[in-house]
Amino acid sequence: MTSAGIRPPVQRSGSHSAAPLSPSRRTGEESAAEGPRRDASGPRRPLPPVAAPQAAPPRTSGPGRPAGGAQPEVKSQRPEKRMTREDMLALMRSGGLAAGGAAPAAPPAARPGGGTGLRPGMPGRPGPGMSPRPPSPPGPGGLTRGPAPGPGGGPAPAAPATMVDEEEERKAKGRVGSSADRAGRRARRNERATERRVTSPMPAAALLNEDEENRRGSRGRKSHKQGAHRLAAATARKSHAEVDAPVTIRTLSEALGVKANDILRKLMNMGQMATINANLDDDLAAELALEFGMELQVIHERTAEDDFLEAFAPPVESENLLPRPPVITILGHVDHGKTSLLDRIRKSKVVQSESGGITQHIGAYQVEYNDKPITFVDTPGHEAFTAMRARGANVTDIVVLVVAADDGVMPQTVEAIAHAKAANVPIVVALNKIDLPNVDTTTNISKIYGELAQQGLNPVEWGGDVEVVKTSTVTGAGLTDLLATLETIAELHELKADPTRPATGTCLEASLSEGRGVLATVLVREGTLRVGDIVVCGDGFGRIRALFDDHGRSIEQAGPSFPVEISGLDVVPTAGENFAVTDDIARAREVAETRRVRARDASQAERQTVTLENLYNRMAEQKVKSLNLIVKADVQGSIEAIVKELEKLENAEVPIRILLKAVGGISESDIILADASQAIVIGYRVAPEDRAITMADEKNIEIRRYDIIYQVTDDVKKAVEGMLVPEIKEVHLGRAVVRLVYKISKVGSVAGCFVTQGVIERGSKVRLIRDGREIYKGAIDALKRFKDDVKEVPQNFECGIKITNFEDVKTDDVIEAYRVDVIRRTL
Ligand SMILES: Nc1nc2c(ncn2[C@@H]2O[C@H](COP(=O)(O)OP(=O)(O)OP(=O)(O)O)[C@@H](O)[C@H]2O)c(=O)[nH]1
């Protein structure tokens with residue numbers, strides 16, 4: 001098989017929109033998107049002793065605060081500690097509240113007189129207590145006044161910095177000038193800082209920069225540098241990013257503005273290891289981007305094939321859609337009369353103008369019934385039928401299942417049923433050879449009806465929905481009924497196509513003929529194929545030199561559902577390949593050549609198939625919609641027992657489809673069916689044939705062998721449970737009211753908050769409530785207490801909150817924090 005098999009019809013138009021975050025990698029209760037949270041099952045931890053006022057170091061008016069000194073400003077013994085303006089400055093200084101940012105090593109001096117910088121009633125912010133002050137030199141103790149950071153806060157990591165700082169740092173790195181130069185630069189910076197102090201109505205950020213300069217000593221330079229990168233990443237955050245395909249960790253890191261190491265860490269959390277230059281598939285890249293709060297668009301260069309594949313877009317409802325003939329495939333057990341049935345139908349129902357003996361030229365033909373054509377595809381058996389489907393070419397609208405009345409349902413009948421069911425097409429049973437004298441029309445037929453019903457084909461006569469037509473290819477009995485039934489079913493399905501489009505369809509068979517070159521029998525599905533059309537078929541292309549119908553007559557054009565033989569392709573395509581007409585020979589060549597290259601690559605690439613373990617992922621990716629099983633067992637009794645047990649696992653959300661249940665070893669046919677149907681093969685006390693093992697290896701089909709029934713059901717149950725959409729439970733954490741909003745350049749709006757209830761946790765989800773109405777839903781990007789990143793802030797404490805991608809936060813807004821628990825469901 002080449003990469004040229006039928007592909008999904010609609011292709012991207014220049015770019016590929018990243019898929020939404022797939023739940024595939026978040027099994028159970030783990031979900032990185034939910035951010036850090038407590039164990040859903042465990043009781044909430046007691047609030048940390050963040051605010052123990054007794055423990056608070058005393059505050060002094062100077063930068064250095066000797067331990068145990070007086071604490072004149074703090075009169076209240078309440079656990080509440082209001083965050084002062086200095087605190088907030090320190091908070092911003094520490095990296096503007098960037099997630100993962102860290103506290104600076106040293107804060108500015110504490111404000112004499114204290115003050116509650118976050119108090120809403122503060123006159124004309126900044127008020128007296130917040131009057132801009134030049135930064136003080138760092139001192140021991142810094143702003144660690146009041147409650148120490150909660151246990152979650154931990155030791156302050158490396159300090160982040162602003163983009164400006166990063167720029168300075170960059171300059172500093174390449175510094176070659178004299179100390180005089182540096183002094184000059186510093187003077188200019190101080191000048192700018194003074195200007196800012198004078199003119200800025202909200203000098204916090206300005207102060208931050210200046211103070212950053214001041215406190216940046218040789219010792220702090222390294223940590224600053226680390227912090228600068230971190231902040232650069234954080235501040236560069238946006239809600240949308242674009243990256244060219246193929247995406248690597250490196251290019252993704254650049255596009256998102258986050259460190260490659262952080263991406264690698266996320267990947268590791270997902271259980272995947274990668275190197276910085278490893279290619280990521282688009283979905284994974286998008287998922288990783290979402291982990292950093294960004295939507296990712298992967299830009300793919302548009303190729304000739306992308307344009308070409310647009311031809312396969314499904315027909316749009318339009319006035320051009322006209323009824324088309326049904327395409328029928330005949331399947332059944334060996335010797336039950338498939339060929340005879342086809343011959344008989346053809347001989348008796350060929351177009352009247354046909355004269356003389358009938359020679360079947362191609363593997364498909366049309367007959368007319370009630371002046372309407374019906375197309376029959378003459379495939380050599382259900383394996384070919386399924387192999388074609390495995391290539392994505394589901395050419396059949398209806399299957400006629402031939403069952404000999406003297407023989408009944410046989411192993412290959414069962415297989416044929418499975419293949420037809422897997423193709424999801426209606427089945428009409430032709431109960432053949434009813435002319436045979438040993439066929440008792442009552443006993444034999446009701447026995448066969450029972451066998452059919454056992455296979456899920458309940459005859460209409462028994463109140464089911466499967467039409468069974470009694471036929472004889474010897475007498476011709478029932479053939480007209482069969483055609484009438486097929487016509488009715490086709491009408492019910494309203495099969496339509498647009499004959500005005502450029503033709504597309506499927507290659508049914510192909511060969512190389514001496515003198516005539518490459519000949520391919522194709523079935524037109526949409527549009528009209530004409531002599532002279534430029535065609536790409538699989539990895540071949542060419543201009544159609546001649547068209548022949550199923551009687552070998554040269555024709556000029558062929559419409560929907562019409563089988564024709566074409567000549568003019570440059571290479572022999574494989575049965576099941578698609579074809580499409582294009583108007584540009586250069587593009588046709590380009591597409592064909594690209595496909596040849598891809599075919600070579602694809603043969604080396606690993607196939608993505610379904611296993612019991614990866615079912616959940618595949619389902620989440622919408623690549624699998626049910627659990628498809630093929631059950632082969634030693635005896636009928638085992639099958640019945642397994643099926644009965646599996647029925648107990650039935651549920652509406654994850655249908656279990658047993659495509660085939662049969663006695664006997666696992667054959668190649670089973671593997672082909674599994675391949676085409678994304679099914680898992682279950683062998684109960686049976687072994688696979690050698691060729692089946694080889695094929696299963698080649699196609700990466702999972703064969704699971706058991707000898708105890710409960711092991712089968714246990715495994716299947718686990719798989720079904722894994723496929724159930726997990727329960728999403730929202731857990732309220734706490735509320736905080738916004739008392740003051742700081743706009744910090746390159747960081748954005750930081751809400752100075754007071755926690756009124758519960759606890760606010762870093763990484764929790766939030767709702768922003770204004771005047772009783774929810775106006776935004778998002779997540780906490782950073783949570784600070786004074787200068788420190790903290791894991792959580794309990795009731796009656798102040799904190800700084802930066803909400804991811806939200807700048808419109810206002811005083812008196814309420815921030816409601818919650819977490820989302822993803823609970824794995826069981827049956
Ligand atoms: N009496 C009787 N014999 C039939 C009928 N249909 C087919 N046969 C005979 O059954 C035998 C097998 O018929 P085929 O048409 O070759 O069966 P098949 O299913 O195509 O067989 P394979 O191609 O080998 O899978 C032939 O000898 C036919 O003449 C029927 O309706 N009545």
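All heavy atoms count here, side chains included; hydrogens, waters and symmetry mates do not. As the structure lists them, so they are numbered: ligands from 1, and atoms in each ligand from 1.
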message: As a quick check of understanding, evaluate side-chain hydrogen bond (donor to acceptor under 3.5 Å, both in side chains) for E415 and S669, giving each step before the final call.
response: CA-CA 8 Å; E415 284 187 8; S669 167; 2.9 Å; yes
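- Looking from atom 18 (P) of ligand 1 to the surrounding protein, the closest heavy atom is K338 N, 3.4 Å.
- Protein heavy atom closest to atom 1 (N) of ligand 1, with residue, atom name and distance, is D435 OD2, 3.0 Å.
- A side-chain N or O of D670 and one of S667 form a donor-acceptor pair less than 3.5 Å apart.
- If you number the atoms of ligand 1 from 1 as listed, the ones under 4.0 Å from a heavy atom of V334 come out as 24 (O), 25 (O).
- Of the protein's heavy atoms, T339 OG1, 3.5 Å lies nearest to atom 23 (O) of ligand 1.
- Atom CZ of R516 sits in a crowded spot, with more than 12 heavy atoms from other residues, nucleotides or ligands closer than 6.0 Å.
- Remark: distances from the non-hydrogen atoms of G332 to ligand 1 are all 4.0 Å or more.
- Residue L436 places no N or O, backbone or side chain, under 3.5 Å from any N or O of ligand 1.
- Within the 4.0 angstrom cut-off, atom 26 (C) of ligand 1 has no protein heavy-atom neighbours.
- Residue N432 has at least one N or O atom closer than 3.5 Å to an N or O atom of ligand 1.
- Residue-environment remark: CG (N438) exceeds the threshold of 12 foreign heavy atoms within 6.0 Å.
- In this structure, D549 CG and S554 OG are separated by 8.5 Å, a value rounded to the nearest 0.5 Å.
- In summary, R595 and E577 do not engage in a salt bridge, as defined by a charged side-chain N under 4.0 Å from a carboxylate O.
- The nearest protein atom to atom 15 (O) of ligand 1, hydrogens excluded, is given as S340 OG, 2.6 Å; this is a heavy-atom distance.
- Distance from atom 21 (O) of ligand 1 to its nearest protein heavy atom, with residue and atom name: D335 N, 3.1 Å.
- Salt bridge E640/K644: absent, no basic N to carboxylate O contact under 4.0 Å.
- Among all non-hydrogen protein atoms, the one lying nearest atom 8 (N) of ligand 1 is K433 CE, 3.6 Å.
- The nearest heavy-atom contact from the protein to atom 6 (N) of ligand 1 is T473 OG1, 2.7 Å.
- For N432 and H336, the side-chain atoms include no donor-acceptor pair closer than 3.5 Å.
- Atom 2 (C) of ligand 1 has its closest protein heavy atom at V474 CG2, 3.4 Å.
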field: Working for side-chain contact (heavy atoms from CB on, under 4.5 Å), residues V403 and H333
entry: CA-CA 7 Å; V403 182; H333 191 67; over 6 Å; no
